[in-house]
Amino acid sequence: MADFMRAPVIYSCNLTLYNGLEGYIIEVVALDNFKVISAFCTIYPGNKILFTVFDFAGNETRKVLGD
């Protein structure tokens with residue numbers, strides 16, 4: 001029940017190894033009181049990057065970087 005009440009938290013997003021091409025590493029650090037089960041990164045035109053993480057209970061947290 002505690003996992004259902006709390007969404008995961010995104011602590012940091014590391015883009016230092018990403019050079020704009022497919023296949024390069026984009027790192028996100030996210031924690032949850034039980035378990036983070038998935039993390040996604042979506043890059044939009046320009047420099048907007050959306051990070052989305054989900055926990056076991058289905059809670060979702062999003063963080064946007066860029067303009």
Heavy-atom neighbours of Ile25 CD1 exceed 12 at 6.0 Å =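 Counting neighbours around CD1 of Ile25, 12 or fewer heavy atoms of other residues, nucleotides or ligands fall under 6.0 Å, so no.
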
State whether the side chain of [X] and the backbone N or O of [Y] hold a donor-acceptor pair below 3.5 Å, judged by distance alone.
X	Y	result
Thr52	Arg62	no
Asn59	Arg6	yes
Asp32	Val36	no

Supply the atom-to-atom distance [X] [atom1] to [Y] [atom2], rounded to the nearest 0.5 angstrom.
X	Y	atom1	atom2	answer
Thr42	Ile26	OG1	CD1	9.5 Å
Tyr18	Tyr24	OH	OH	10.5 Å
Ser12	Lys63	OG	NZ	7.5 Å
Lys35	Phe54	NZ	CZ	16.0 Å
Cys13	Glu27	SG	CD	9.5 Å

Closest heavy-atom contact between Ala7 and Asp55?
->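 Closest pair (atom of Ala7, atom of Asp55, distance): CA-OD2, 4.2 Å.
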
Check whether any side-chain heavy atom of Ile10 sits under 4.5 Å from a side-chain heavy atom of Val53, and report yes or no.
->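 Touching, per the 4.5 Å side-chain cut-off.
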
Taking side chain as C-beta onward, heavy atoms only, is Leu65 less than 4.5 Å from Leu15?
->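 The answer is yes, as the side chains (C-beta and beyond) meet within the 4.5 Å cut-off.
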
